[in-house]
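Report on the structure given below.
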Amino acid sequence: MTVTAAAATDRPTCSPLPVLGRDVRVPLVTGGEVEYGALDYAASAPALQRVWDDVAAYAPYYGSVHRGAGYLSQLSTDLFEQSRETVAAFLGCRPGDEVLFTRSTTDSLNLLAAALPAGTQVFVFETEHHASLLPWSRAREVQVRYLPAPDGAEQAVAALDAALAAAADGPKLVCVTGASNVTGEIWPIRELAAAAHRNGARIVLDAAQLAPHHPVDVAELDVDWVAFSGHKLYAPFGAGVLAGRADWLDAAEPYLAGGGATRSVIHTGDAVDVEWNSGTARHEAGSPNVIGAYAIASACRALTEAGFEALAAREQELLGRLREGLAAIPGVRVLSLFGPDAPRVGVLSFVVRDWNSSRLAAALSAEYGIGVRDGLFCAHPLVRTLLGGEPDEPAECGVPDDVPGGRPLNAVRVSFGAGTPDEHIDRFVNALATLVRDGAAWDYTTENGRCVPARA
Ligand code: PMP
């Protein structure tokens, strides 16, 4: 089976956005080289050309932020603070909401976990990414309730409602992912937020996978906080965002102790008497990552100006093309928690009957120049549930590696976004169809825990 550009109907009205690395060529184990097929956006997306250009234009003016009287320090400070405003507008923040620049989604959620009032009960589905599943149990004086994997979106809301209604009085927080990094499925955010609020709880949205694919409006969704990472939003300069309600953040101990977080420090005898800042400075000790923040703001502007809704519509068209292609390949099982009709973003995981997923991903790379991801995707409980429990298959990717009819060890994930050309999806479907039909052309072995082509 071959998928071609002509197979698509209802052509989208927008083109892919220019990204770096679009014309990078990679060697094939079988000889020659091809243009790299970047289909691992969910791990880290390529930088938008626009982001790269904006950062390059600013770079000569780079200076310290919040700590310099010179012209470039003033300029850099203004740029950093303006970046907050751009992000606040991109996220539809409410008056009074704060935008904190962090290192990543993981950092943002750990920051919020450290800021929870004593006695907070946290409610989280076991299906979350580890970044939204794990920070809460490390927080002091916080209890975590893990809710089992729901069968569907409505059932998720009902389960949360019931768990919150049965909870004791006191501060409560719900943490939920916007779009799954495994299935791409979009969670019923507005409904979960309503359930949280009618039970006196707050809610934080892990938008690491949603924000790059779909407009996120904090006020409209009525979530209390949102977290995302620059490197998944085409801005790979080491910054992330936590945005939302100021009160818990202002009442908490600073996340990091150090310069910038303090209003005054007085040393008397054996003690230092510290008056901490409030507002964003309280949790942003140390020299801020102005390039990272500016890059995120640049990406927000680029997506907005390109027409985010149109980009999302184009992505849905590519997703339809991908799913149609996969449906025609024998033995492919697409992983899903909410069923085939659930709304989803351009992230999809699957297994192929009698194929080791690591070997499949290695062959897609080595023989076809296509970069996908294999594994459990930092969401072990979810992927194990979707795969049907503990694996039967041995971990080694080399021969003998497949147990006919056995339970797969892990899955393959393909993910794409605003920079993906149609032909990358077609190339992927055609490569997979050929591998499944003819088998791999090369032998693979496990080295340092990774499945790699065996030496010739
Ligand atoms: N949440 C989700 C849903 C994710 O997919 C990821 C990254 N895979 C994270 C959180 C963590 O993001 P980061 O690694 O940028 O901190």
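We count ligands from 1, going down the list as the structure has it; atoms in each ligand are counted the same way.
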Under a 4.5 Å cut-off applied to non-hydrogen side-chain atoms, are Y255 and L100 in contact? no
State, with a plain yes or no, whether a side-chain heavy atom of Y368 is found less than 4.5 Å away from one of L435.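 Side chain of Y368 against side chain of L435, heavy atoms only: contact under 4.5 Å found.
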Run the numbers for me: atoms of ligand 1, each under 4.0 Å from some heavy atom of [X], listed by number.
| X | answer |
| --- | --- |
| A208 | 1 (N), 2 (C), 4 (C), 6 (C), 9 (C), 10 (C) |
| N181 | 5 (O) |
| T177 | 3 (C) |

Mutual orientation of the aromatic rings belonging to Y58 and Y294 [parallel < 30°, tilted 30-60°, perpendicular > 60°]: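 Y58 and Y294: perpendicular rings.
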Fit a plane to each ring of F80 and F101, take the angle between them on a 0 to 90° scale, and name the class: parallel (under 30°), tilted (30 to 60°) or perpendicular (over 60°).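 If you compare the ring of F80 with that of F101, the planes turn out tilted.
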Distance, nearest 0.5 Å, that separates OG1 of T102 from CD of E284: 8.5 Å
To the nearest 0.5 Å, what is the distance between CG (L322) and OG (S415)?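 Result: 10.5 Å between the selected atoms.
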Does ligand 1 have any atom sitting under 4.0 Å from a heavy atom of H130?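 Distance cut 4.0 Å: H130 fails for ligand 1.
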Polar contact flag for H129 and ligand 1 (N/O pairs, less than 3.5 Å):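 Yes; at least one N/O pair falls below 3.5 Å.
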When only distance counts, is T106 in polar contact with ligand 1, meaning an N/O pair under 3.5 Å? yes
Considering only protein heavy atoms, which is closest to atom 8 (N) of ligand 1, and at what distance to one decimal place? K232 NZ, 2.9 Å
Any idea which protein heavy atom is nearest atom 5 (O) of ligand 1, and the distance to it?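 Here the closest protein heavy atom is Q209 NE2, 2.7 Å.
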Pick whichever of S108, A207, S229, S104 has a heavy atom sitting closest to atom 12 (O) of ligand 1. S229
Specify side chain, backbone, both or neither for H231, according to which of its non-hydrogen atoms lie closer than 4.0 Å to ligand 1.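 It is the side chain that touches ligand 1; the backbone stays farther off.
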For ligand 1, note which part of D206 has a heavy atom under 4.0 Å away: side chain, backbone, both or neither.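 The side chain, only.
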Donor on one side chain, acceptor on other, H129 and D206, under 3.5 Å: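 Looking only at side-chain atoms, D206 and H129 do not form any donor-acceptor pair under 3.5 Å.
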What do you reckon, are the aromatic ring centroids of F428 and F416 less than 6.0 Å apart?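 No, the ring of F428 stays outside the 6.0 Å limit from the ring of F416, centre to centre.
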